[in-house]
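Here the structure is laid out as structure tokens; the discussion comes afterwards.
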Amino acid sequence: MRHCILIIALTLFLKCNLIQTFNPSTLITGINPEDALLNFTGLARKYGHPAEIYHVETQDGYILELYHLPGTGRKPILLMHGFLDSSDTWILRGKDSLGISLADNGYDVWLGNTRGNRYSSSHISLDPQKNPEYWMYSIHELGYYDLPAIIDEVLLRTGAQSLTAIGHSQGNTIFYILGSTRPEYNAKINLLIALSPICFMHNTSPPVSTYLKLAPKLAKIARRMGIYDLLRYDGPENKFIRKICSQPIIGYAVCARLFIFPLIGFDPTELEYEFYEVLIHHLPAGTSWMNYEHFGQIGMSKRFARYDYGIKGNVIKYNSTIPPLYELSNVTMPIALLGGRNDPLSTLEDVDLLKDHLPNYVEYLVNPRLQFNHGDSVWGKNMKDYLFRYIYSTLEWYDIYP
Ligand SMILES: *[C@@H]1O[C@H](CO)[C@@H](O)[C@H](O)[C@H]1NC(C)=O
Ligand SMILES: *[C@@H]1O[C@H](CO)[C@@H](O)[C@H](O)[C@H]1NC(C)=O
Ligand SMILES: *[C@@H]1O[C@H](CO)[C@@H](O)[C@H](O)[C@H]1NC(C)=O
């Protein structure tokens, strides 16, 4: 059945493309079609908060783009996006998205972008198009280099002693890596709200577990072919995917129903066709193959550990045949966890396990909405009803006002 749909879709796609040249703006029929093609600064301006742009250099030479939606106060809130995503994710729903809502309420909002995505794709000496070394990073580097550089920039610019963070998916994983490998950063975070928490991926089932199991094999094939970047925003693979996925109706049937929902949980009322059309022009935003492979290693080895370079590589890198674990007992920042019952990537079993390993989790909420999936905490149509209330009450409980 799935294969039939796929073949029909591909045939129609190829046929369409023989008679029309691709022009995304003519295909988008959503409520806010222009949002598909606007970038972060365009969207932020449209929704009433012109963004300031900062460039942050990491210790290992990556240049990251950091956005600021200035608020009325000086208590910064930092939003960190997930895997293959970018800062756009926090403002794509306009007034109904968390980034804009926080800014509308006067909060001082900062939005980071990790290395390799569409906004953070430069380096002091490496060229991502020419130097494979640029893409030699896993989740480790995102937490160990990118996140502290972003945090220090925000604290420097605001003069604040600490900041509040909200991280979605991998956007909270990187805080566990930072807190365990550079414990001095725990004091710089007065609260982390972890949406769709990802740390252990030990209790996943197919198709998620299949994607995890395949990761090292696929990464090896990609390396042999000389491909190190994974779905770079303006890369050829991404352009191809975007072409297929933006075909009217068929695109949603193929990309959302066959690929996105099985991975993030089925919830078409919250990720409806009109918004999907906007979303697929912003996601995937690019990362490295090693980033994906590292998740596969964590899931398969059932160890939240550093990247596995193989026995020889590990001995050189870590003086150990297996990669060392991240010491979660060192993650002493206060953390509020929000899980969902319909989230195959962050299963509640895995969120429970994370909670048991964190010395300072302060709140653990399972979203009352039964269909709450992995994406509903950033893309859901009615987040303002089932998510924002929880976020604002947590902020107020911690005395975090603009
Ligand atoms: C965003 O879009 C604007 C207007 O099209 C453009 O001037 C700007 O360079 C873009 N920014 C990035 C980071 O691509
Ligand atoms: C983590 O904490 C342990 C003690 O609990 C300490 O020995 C270790 O050095 C810490 N790790 C780091 C990276 O500081
Ligand atoms: C490597 O580990 C062994 C024991 O596992 C230890 O004796 C040795 O000192 C370590 N070497 C370095 C360079 O840390």
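We count residues from 1, following the sequence as given. Just follow the structure's listing: the first ligand is 1, and inside any ligand the first atom is 1. The structure displayed is predicted, hence computed values, not measured ones.
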Residue part near ligand 1, for Glu65, under 4.0 Å between non-hydrogen atoms = side chain
How about Lys95 and Asp104: do any of their side-chain heavy atoms sit closer than 4.5 Å?
-> yes
Are Tyr233 and Tyr119 near enough that their ring centres are under 6.0 Å apart?
-> no
Which part of Thr41 is near ligand 1, with near meaning a heavy atom under 4.0 Å away: side chain, backbone, both or neither?
-> side chain
Do the two ring centres, one from Phe295 and one from Phe83, sit under 6.0 Å apart?
-> yes
Determine whether the aromatic ring centres of Phe200 and His357 lie less than 6.0 Å apart.
-> yes
Would you confirm whether the ring centroid of Tyr62 sits within less than 6.0 angstrom of the ring centroid of His123?
-> yes
Indicate yes or no: does Arg341 engage Asp343 in a salt bridge with an N to O separation below 4.0 Å.
-> no
Applying a heavy-atom distance cut-off of 4.0 Å, which protein residues contact ligand 3?
-> Asn319
Got an N/O contact under 3.5 Å between Asn39 and ligand 1?
-> yes
Any pair counted as disulfide (SG to SG under 2.5 Å), so long as it reaches residues 220-273, sequence neighbours left out = Cys245-Cys255
